[in-house]
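Below is one structure, written out as structure tokens, with a few remarks after it.
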There are 2 protein chains.
Amino acid sequence: MRRDIFQAIADPTRRAIITLIALQAMTPNAIAENFNTTRQSVSKHLRILTECQLVKQEQQGREIYYSLQLEKMKEIDKWLDQFRKIWEARFNQLDTVLSTIKKQKK
Amino acid sequence: MRRDIFQAIADPTRRAIITLIALQAMTPNAIAENFNTTRQSVSKHLRILTECQLVKQEQQGREIYYSLQLEKMKEIDKWLDQFRKIWEARFNQLDTVLSTIKKQKK
DNA sequence: TATAGACGCAACCATTCGGTTTCCCAATTT
DNA sequence: AAATTGGGAAACCGAATGGTTGCGTCTATA
């Protein structure tokens, strides 16, 4: 059972849940009300998100509040970094090319 | 058949392929040699990556070279932006807290 | 022109996934 | 204490996924 962030954010419902609880903790029922799906379905998604530490839970009486572990999101950012470096390098190359053309015009 | 970037990068083999062809275009056979998988399997992954425009192909004789469409990767970056904003805001809040503590110490 | 190599595509198969249903537990309410 | 409510866990099901095998096509080479 591979359970990593990339697989976690692959599902559109899970991405929506993440966005929803990014700012404030919410209960499974409250989350489910925002989509047309059942609590059980949301609960399953939350389990997957919890398993890869993208989400943390906090019991409050009989309610369980779920919130986003923002730190974990940085892992995606970190993975993107290798490509960011490439596209920045390309951009600089383009910049060089452009300034060369500029010089030639002069 | 949902076919978006997030679903595309969910598979670890596909992420590896992306990294592999980020810098230089490669043929399916060459890509397959880098993992212990078959050409057909790689071919299928490449099809998925092509379908969501993460990869482009270029025929050269009887070989087809695949390369990464870096631009498309920015969509992930763009999606991450909403969370980046939040964690930066939190960081600034922390900053405020810290400076308040500092002042109190004085 | 015949043969070999590089590929894509379709069919098939085992596994996984997302969702629903059902059941059970614990905390509130009455 | 009994009924209600929030929520997790397991069983089940249809759909999707990843991989393999086999076949057809096109290009290059002998």
Side-chain angles (χ1 to χ4, degrees), chain A residues 1-21 24-69 72 76 79, chain B residues 1-21 24-69 72 76 79:
Chain A
M1 213 182 300
R2 89 182 120 80
R3 198 116 289 176
D4 59 67
I5 337 168
F6 295 100
Q7 193 255 340
I9 63 164
D11 185 87
T13 305
R14 276 195 297 266
R15 285 203 300 281
I17 291 176
I18 289 174
T19 305
L20 203 58
I21 63 173
Q24 49 171 337
M26 290 176 79
T27 64
N29 265 322
I31 294 169
E33 275 167 19
N34 282 273
F35 315 103
N36 43 342
T37 185
T38 58
R39 174 188 66 78
Q40 278 84 348
S41 168
V42 169
S43 197
K44 264 184 120 176
H45 284 305
L46 285 171
R47 200 161 92 90
I48 291 169
L49 292 171
T50 307
E51 271 171 23
C52 63
Q53 281 140 353
L54 253 174
V55 149
K56 70 166 190 283
Q57 34 184 302
E58 207 176 331
Q59 185 116 20
Q60 221 164 92
R62 67 176 166 184
E63 291 178 332
I64 299 176
Y65 282 86
Y66 288 85
S67 61
L68 185 62
Q69 289 278 62
K72 198 71 180 176
I76 304 164
W79 180 73
Chain B
M1 214 181 303
R2 88 181 121 80
R3 197 116 291 176
D4 58 67
I5 336 169
F6 295 99
Q7 194 255 339
I9 63 163
D11 186 87
T13 306
R14 272 193 303 264
R15 284 202 301 281
I17 291 176
I18 289 175
T19 305
L20 204 58
I21 63 172
Q24 50 170 335
M26 292 177 77
T27 64
N29 266 323
I31 294 169
E33 276 168 21
N34 282 273
F35 315 104
N36 42 342
T37 184
T38 59
R39 174 189 65 80
Q40 277 85 347
S41 167
V42 169
S43 197
K44 262 184 123 176
H45 284 306
L46 285 171
R47 200 160 93 92
I48 291 169
L49 292 170
T50 307
E51 271 172 23
C52 64
Q53 281 139 356
L54 254 174
V55 149
K56 71 166 191 281
Q57 33 184 303
E58 207 176 329
Q59 185 115 20
Q60 221 166 93
R62 65 178 167 183
E63 291 177 333
I64 299 177
Y65 282 85
Y66 287 85
S67 61
L68 184 63
Q69 288 277 62
K72 198 71 181 178
I76 304 164
W79 180 74

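As the structure is a computational prediction, the values presented were derived from the model and not from experiment. Residue numbering restarts at 1 for every chain, and letters A, B, ... go by the order of the sequence lines.
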Specify the separation, in whole Å, of atom [atom1] of [X] and atom [atom2] of [N].
{"X": "B/F6", "N": "C/dC17", "atom1": "CZ", "atom2": "C1'", "answer": "19 Å"}
{"X": "A/I48", "N": "D/dG8", "atom1": "CD1", "atom2": "P", "answer": "13 Å"}
{"X": "A/D11", "N": "C/dT16", "atom1": "CG", "atom2": "P", "answer": "18 Å"}
{"X": "A/I64", "N": "D/dA9", "atom1": "CD1", "atom2": "P", "answer": "9 Å"}
{"X": "A/Q57", "N": "D/dG8", "atom1": "CD", "atom2": "C1'", "answer": "9 Å"}
{"X": "A/Y65", "N": "D/dG6", "atom1": "OH", "atom2": "C1'", "answer": "11 Å"}
{"X": "A/R47", "N": "D/dA11", "atom1": "CZ", "atom2": "P", "answer": "12 Å"}

Give, for atom [atom1] of [X] and atom [atom2] of [Y], the distance between the pair rounded to the nearest 0.5 Å.
{"X": "A/K44", "Y": "A/Q40", "atom1": "NZ", "atom2": "CD", "result": "10.5 Å"}
{"X": "A/D4", "Y": "A/W79", "atom1": "CG", "atom2": "CH2", "result": "11.0 Å"}
{"X": "A/I18", "Y": "A/T13", "atom1": "CD1", "atom2": "OG1", "result": "11.0 Å"}

Give the angle between the helix axes at the two ends of the helix from C/dT1-D/dA30 to C/dT30-D/dA1, taking five base pairs at each end and rounding to 10°.
->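 Here the helix ends are tilted 10° relative to one another.
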Return the set of residues passing side chain to side chain donor-acceptor pair (under 3.5 Å) with B/T38 (not counting sequence neighbours), or none when no residue passes.
-> none
What residues, two or more places apart in sequence or in another chain, satisfy side chain to side chain donor-acceptor pair (under 3.5 Å) together with A/T37?
->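 Checked A/T37 against side chain to side chain donor-acceptor pair (under 3.5 Å); matches are A/S41.
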Apply ring pair (Phe, Tyr, Trp, His ring centres under 6.0 Å) to B/Y66 and list each qualifying residue two or more places apart in sequence or on a separate chain.
->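 Testing B/Y66 for ring pair (Phe, Tyr, Trp, His ring centres under 6.0 Å), a comparison that skips the adjacent residues, returns none.
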Shortest non-hydrogen contact from A/R3 to A/I48?
->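 A/R3 and A/I48 have their closest heavy atoms at NH1-CG1, 3.8 Å.
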How close do A/K72 and A/C52 get, heavy atom to heavy atom, and via which atoms?
-> CE-O, 3.2 Å
Quick check: does any side chain N or O of [X] sit under 3.5 Å from a backbone N or O of [Y], one acting as donor and the other as acceptor?
{"X": "B/Q53", "Y": "B/V55", "answer": "no"}
{"X": "B/R14", "Y": "B/I9", "answer": "no"}
{"X": "B/Q59", "Y": "B/G61", "answer": "yes"}

Just to confirm, is there a sub-4.0 Å distance from OP1 or OP2 of [N] to any side-chain nitrogen or oxygen of [X]?
{"X": "A/T13", "N": "C/dG18", "result": "no"}
{"X": "B/N29", "N": "C/dC7", "result": "yes"}
{"X": "B/R3", "N": "D/dT17", "result": "yes"}

Letter per nucleotide, 5' to 3', of nucleotides 24-30 of chain C [B base touched, S only sugar-phosphate touched, - untouched; heavy atoms, 4.0 Å] = ---BS--
DNA chain C contacts made by residues 31-46 of chain B, counting heavy atoms under 4.0 Å =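 Under 4.0 Å from DNA chain C: B/R39, B/Q40, B/S43.
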